[in-house]
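Worksheet for the structure shown next.
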Number of protein chains: 2
Amino acid sequence: MIMALDPGNILKAHDLKHTRQRVRVLEEISHGQSAVSQPELEKKLGKEIDRVTLYRILNAYEEKGIVHKIMDANGTANYAICSSACTAHNHHDEHVHFNCTNCNKIFCLELTIPEIKMPEGFKAKTVSFTAYGLCNKCNKEK
Amino acid sequence: MIMALDPGNILKAHDLKHTRQRVRVLEEISHGQSAVSQPELEKKLGKEIDRVTLYRILNAYEEKGIVHKIMDANGTANYAICSSACTAHNHHDEHVHFNCTNCNKIFCLELTIPEIKMPEGFKAKTVSFTAYGLCNKCNKEK
DNA sequence: TTCATAAATGCAATTTAGTTGCAAATATAC
DNA sequence: GTATATTTGCAACTAAATTGCATTTATGAA
């Protein structure tokens, strides 16, 4: 069943009004193979969308479970489209991320994070696993 | 062999001059059981050390492998003393971190991160594993 | 102990990230 | 087409982080 990424559907499904700005943000986030950083988005969309609006849209998307937010090694926010399994209240983002230390891009890998038993008293609700190194492209170029 | 944390030794061993400011930062980072956030450090040391100097000291420590930097869920930097196995060029920080979503503290757990096979072309140099949830203290209080 | 020098610090100014309040614009449902 | 609640853009603000430069300080040699 292929029915990927119709912005209109995604927005309607999450009770968000269909606006030019929201569609543009969805497009930018979804059209690559890696996550997009907040600065990249701002640079790309800064002329068409106000900075503040961008922040608000990204927050709304994250709360609704439309995108997930990944912090890179510098503390910069990156955004990627969630798999269809994500919903606002059951946000399954438990796959491995790869953060390239050269181009700084973040990739969502199709690998599940292994379970780890926490020490007495500590209760893990979610986990994150990030590998740092060179991505396929940067590896070739060196 | 117990010979822990003599700031003088640590600094000399890494070719860093012994200054009042550097010693104070080392003290603050090492005297707790959890990592210390940049804002905490600034609050604690702001009267004795200039903000900029604090940033520079923390960066130097990280580069030398004296401390390791852990980003919490908000993109805030946290610092913890490295185990003795860390050096500037072989920075072994491959244990699991626990980030409490209530008090926001970060704990270094004595758990090794399981190995994961990367996809073709991706070469991981280091990995990070962070669990989010309630720490032992916050669990009790609820 | 004094002195020279390279390194570290503090300060001022700047850049970048993120937030808040409010008025104007606009998507949707009737 | 119109009413209304939502969204957007703007201005102003707070906080985080960086840069350049003058001053101070740690260290090693005389």
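The sequence lines fix the lettering, A, B, ..., with proteins before strands; numbering per chain opens at 1.
- One can place NZ of Lys12(B) at 13 Å from C1' of dG28(D), the figure rounded to the nearest angstrom.
- Met71(B) and Leu54(B) end up in different hydrophobic clusters when Ile, Leu, Val, Met, Phe, Trp and Tyr side chains are linked at under 4.5 Å.
- In this structure, CD1 of Ile49(B) is placed 8 Å from P of dT9(C), rounded to the nearest angstrom.
- The shortest side-chain heavy-atom distance between Asp72(B) and Ser37(B) does not fall under the 4.5 Å cut-off.
- With hydrogens and angles disregarded, a donor-acceptor distance shorter than 3.5 Å links the side chain of Asn139(A) to the backbone of Leu134(A).
- Taking atom CG of residue Leu58(A) and atom C1' of nucleotide dT7(D), one finds them 15 Å apart after rounding to whole Å.
- The separation between Asp50(B) atom CG and dC21(D) atom P is 17 Å, rounded to whole Å.
- In this structure, the CG atom of Leu11(A) is 14 Å from the C1' atom of dT6(D), given to the nearest Å.
- Rounding to whole angstrom units, CZ of residue Arg24(A) and C1' of dG9(D) are separated by 18 Å.
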Heavy atoms under 4.0 Å is the rule here; annotate nucleotides 17-30 of chain C 5' to 3' with B where the base is hit, S where only the sugar-phosphate is, and - elsewhere. SBBBB-----BS--
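- Following rounding to the nearest Å, Leu41(A) (CG) and dT16(C) (P) show an atom-to-atom distance of 17 Å.
- Taking CG of Leu58(B) as the reference point, atom CG of Leu41(B) lies at 6.0 Å (rounded to 0.5 Å).
- If you measure from atom NZ of Lys69(B) to atom P of dA17(D), you get 8 Å, rounded to the nearest angstrom.
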Steps toward salt bridge (charged side-chain N to carboxylate O under 4.0 Å, His left out) verdict (Arg24(A), Glu27(A)): CA-CA 5 Å; Arg24(A) 288 293 292 116; Glu27(A) 286 172 359; 2.7 Å; yes
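- The line from CG of Leu111(B) to NE2 of His95(B) is 9.5 Å long, rounded to the nearest 0.5 Å.
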